[in-house]
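Scroll down for the structure; my scribbles are underneath it.
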Number of protein chains: 2
Amino acid sequence: MTTTYTISQLSEQFDLTSRTIRFYEDQGLLTPERAGTKRIYHDRDRVRLRLIMRAKRLGFSLSEIRETFGLYDSASGETGQMKFVLDVIAKRRAVLQQQQEDILHVLQDMQNVEQRILDKMQTLDSDENVAESVQS
Amino acid sequence: MTTTYTISQLSEQFDLTSRTIRFYEDQGLLTPERAGTKRIYHDRDRVRLRLIMRAKRLGFSLSEIRETFGLYDSASGETGQMKFVLDVIAKRRAVLQQQQEDILHVLQDMQNVEQRILDKMQTLDSDENVAESVQS
DNA sequence: CATGACGTTTACGTAAACGTCAACATCGCC
DNA sequence: GGCGATGTTGACGTTTACGTAAACGTCATG
C-alpha cells in the first residue's frame, strides 16, 4: 500500500499554497502522477519537497535546485559527466562553508548586541533599586 | 588621517557595481558623506557593506538588513525597545540555527552522492585495468 | 440536481534587486 | 578650453517566485 497525496494535502503538510506546488512543477522540480487532470503525489514527491525547502532556506534559486536534481540523476553517467558533477559539488560545498562562516559571524555579532543590552538592563535595574532604597 | 573612498573604489573592493551601491543608499543601508554632488565613503561604510554582503549570502532581504541596522542603533533606547530587540535577535538566531542544520543535511547529501560517484569511477578504473592486463 | 469543496488551466499582477540606458555635471590635465 | 574619466540622477527593463482572479471541470452529498 503506497500512500498518495492530493495537492491540498501536500500544501497543508508543507505549509505551501497549491499555487506554489504547481509552480514548482512548472519549473520542473516535481513530476506528479496524473489521474486524468488531477495530480497524484507520492512519497518521492515529499522527499523532493523537503529538499526544495531546505535549499530555499539556504537561498538557492529554483533553477539551481532543478539543476541539482538533474545532477543527482545524471550521477550514473559517463566519466566526463561524473567529473563535472564532482566539480559542481565542490563549488556548492564552498558556498555552504562560506555560509557556515557567515552564520558564525552573525551569531557573534548578535551575541555582542544582546550582551550590551542585557548589561544596560542590569544597570537600569540596579538604578531602580537605588531609587527604591532611597524611598524606603 | 581618515581614509575615504570613492564609489568606484568601493565597487571594486567589494565587487559590486556602483549602481548597486547607490541602490543600497536608496534603500537606507548606506548614508555616505557628500562633497557637493559626489559621494564620499568612510570605513564605517565599508563595515556596513561587509555586514550587508554577509547577510545577503545568508538570504536576508535588504529590508531585513535595514531593520537590523535600525535595531543595532536603537539598542541604547528604553526598556521596551530593548526587549523588542532581544526578541528580534532570538528570532534571527532561530533562523540561523535552522540554516546550520540545513547546511549539515545538504553537506551530508552531497557527500553521499560524491561517494557513490567515486566508487563508480573506482570500478571503472579497475575494469580498465582488467582490459589492459588482458591486452598485455 | 444543485451546491459546495476541490481541482485545473490561462493569464495578468507584483515585489525585490538590481541592469541598462540617457542626459548631464565635474574634475584633472595637456 | 577641450576631452576623457568619473560621477550623478531619473527612468525604464528584467528576472525570480510566486499571488490573484477568471472561467471551467468533477465529484460527493443532502
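Order of the sequence lines fixes the chain letters, A, B, ..., with proteins taken first and strands second; residue numbering starts at 1 for each chain. Both backbone and side-chain heavy atoms feed into the values below; hydrogens, waters and symmetry mates do not.
Following rounding to the nearest Å, A:E12 (CD) and C:dA5 (C1') show an atom-to-atom distance of 14 Å. Rounded to whole Å, atom C1' of C:dA15 lies 11 Å from atom CD of B:Q27. Rounded to whole angstrom, the span from the CG atom of A:L29 across to the C1' atom of D:dT16 amounts to 13 Å. Atom CG in A:D15 sits about 11 Å away from atom P in D:dG19, given to the nearest Å. With rounding to whole Å, A:I7 atom CD1 is found 14 Å from D:dC18 atom P. The nearest whole Å value for the distance from the NZ atom in B:K38 to the C1' atom in C:dT26 is 5 Å. Rounded to whole angstrom, the span from the CD atom of B:E33 across to the P atom of D:dG7 amounts to 16 Å. For B:I21 and D:dT6, the CD1 to P distance is 15 Å, given to the nearest whole Å.
In terms of modelled atom types and a separation under 3.5 Å, the side chain of B:Q97 and the main chain of B:A94 share no donor-acceptor contact.
For B:S8, the listed nucleotide lying nearest its side chain is D:dG7; candidates were C:dT9, D:dT8, D:dG7. Of the listed nucleotides (D:dT9, D:dC18, C:dG19), D:dT9 has the atom at the smallest distance from the side chain of B:R34. The side chain of A:K56 sits closest to D:dC18 out of D:dC18, D:dT9, C:dA17. Here the side chain of A:T17 is nearest to one of C:dC27, C:dA17, D:dG19, namely D:dG19. In the set C:dT9, D:dT8, C:dA17, the nucleotide with an atom closest to the side chain of B:S61 is C:dA17. Distance from the side chain of A:Y24 is smallest to D:dC18 among D:dC18, D:dG19, D:dG7.
Phosphate contact (OP1/OP2 of C:dG7, side-chain N/O of A:R39, threshold under 4.0 Å): absent. Side-chain N/O atoms of B:T6 include one lying less than 4.0 angstrom from OP1 or OP2 on D:dG7.
Using a 4.0 Å heavy-atom distance criterion, B:R22 is classed as a base contact. Heavy atoms of A:S18 sit nowhere under 4.0 angstrom from any nucleic acid atom.
In the hydrophobic clustering of ILVMFWY residues, with side-chain heavy atoms under 4.5 Å counting as a link, A:I40 and A:L29 come out apart.
Put simply, the residue from B:R57, B:K56, B:R54 that forms a side chain to side chain donor-acceptor pair (under 3.5 Å) with A:D102 is B:R57.
Map A:R19 and B:R19 each onto its nearest nucleotide of DNA chain C; the residue landing nearer the 5' end is A:R19.
Cation-pi geometry between B:R46 and B:Y41 is not satisfied (NZ or CZ under 6.0 Å from the ring centre, within 45° of the ring normal). With a 6.0 Å cutoff to the six-membered ring centre and a 45° limit on the axis angle, B:R50 does not count as a cation-pi contact of B:F14.
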